[in-house]
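Here is the structure we will look at.
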Amino acid sequence: MTKVRTIKLKAAKAIKMSFPDLRLLIGTFLISGFLIGCGEEQDVAAKEQVSVEMQEQCGEQEFLVIAEKVSAGDGQGHGPDIGSDEWQSVIEFKLGIRGQADVPARDDVQWCQFILKKL
């Protein structure tokens, strides 16, 4: 019986000694999660701002002009949605410029102007 109590007492002491460490660990995770969450909100806000700018300088009208000059479909009415990232990739491929360093990113407001100049 004495051995069982000794083991229980040692286990209880170990738990008490590690409890502050556990609280510190949990607190660190909570703070990290909060900070990561804030960063994601900022990323979303930045992407939304780029999206608004993209629509202003690279909107439906510009996409339609590009689509008239460069077909992204298969000739049977199938293909990516005009303006989508996949569509932009096909346009770059058809123009022979995909992957080149001077091509603006597809979410960059300069993408349409760059493509229109290439046409």
Side-chain angles (χ1 to χ4, degrees):
M1 207 59 158
T2 308
K3 279 188 170 181
V4 173
R5 284 189 180 164
T6 305
I7 293 172
K8 286 182 180 178
L9 184 60
K10 286 182 180 179
K13 285 181 181 178
I15 291 171
K16 285 181 182 177
M17 291 180 69
S18 65
F19 186 70
D21 295 335
L22 182 61
R23 288 192 314 194
L24 179 63
L25 182 64
I26 291 171
T28 302
F29 282 132
L30 291 174
I31 291 171
S32 298
F34 176 74
L35 293 175
I36 290 170
C38 290
E40 288 174 0
E41 287 177 14
Q42 290 174 351
D43 289 345
V44 169
K47 286 179 183 176
E48 287 174 359
Q49 179 62 31
V50 168
S51 178
V52 169
E53 291 173 1
M54 184 78 162
Q55 289 173 1
E56 290 172 359
Q57 295 185 17
C58 193
E60 191 174 329
Q61 186 175 13
E62 288 79 11
F63 288 147
L64 290 175
V65 169
I66 294 168
E68 284 178 12
K69 301 204 183 250
V70 181
S71 174
D74 62 3
Q76 297 178 353
H78 305 114
D81 294 333
I82 294 175
S84 68
D85 186 67
E86 181 183 6
W87 177 81
Q88 290 175 298
S89 176
V90 170
I91 297 300
E92 291 174 2
F93 176 78
K94 295 254 180 142
L95 293 175
I97 59 171
R98 186 166 54 185
Q100 292 182 359
D102 61 334
V103 178
R106 295 181 194 128
D107 62 351
D108 190 318
V109 296
Q110 301 299 318
W111 187 86
C112 277
Q113 299 307 317
F114 181 85
I115 298 299
L116 289 168
K117 286 179 186 175
K118 291 289 183 185
L119 297 177

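The structure presented is a predicted model; accordingly, all values stated were derived computationally and were not measured.
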* Asked: When rounded to the nearest 0.5 angstrom, what distance separates CD in E62 from CD in E60?
  -> 10.0 Å

* Without hydrogens or angle criteria, can the side chains of E92 and W111 be said to hold a donor-acceptor pair below 3.5 Å? -> yes

* Asked: For Q61, does the CD atom have more than 12 heavy-atom neighbours from other residues, nucleotides or ligands under 6.0 Å away?
  -> no

* **Taking every non-hydrogen atom, the tightest pair across A72 and P80** => O-CD, 3.6 Å

* From the options L95, V65, I115, select the one residue that forms a side-chain contact (heavy atoms from CB on, under 4.5 Å) with V70. => L95

* To do: Check Q88 against G83 and note the closest heavy-atom contact, atom names and distance.
  => OE1-O, 3.9 Å

* Over 12 non-hydrogen atoms of neighbours within 6.0 angstrom of NZ in K94 -> yes

* Asked: Any side-chain heavy-atom pair from F114 and V103 closer than 4.5 angstrom?
  -> yes

* Asked: Where do I66 and W87 come nearest, in terms of heavy atoms and distance?
  -> CG2-CH2, 3.7 Å

* Asked: In Å and rounded to the nearest 0.5 Å, what is the CD to CG distance from Q113 to L116?
  -> 5.5 Å

* Asked: How many angstroms lie between NZ in K69 and CD1 in I91, if you round to the nearest 0.5 Å?
  -> 12.5 Å

* Hey, what do you get for CZ (R106) to CD (E86), rounding to the nearest 0.5 Å? -> 10.0 Å

* Asked: If two hydrophobic side chains count as joined below 4.5 Å and joins carry through other members, does I97 share a cluster with F63?
  -> yes

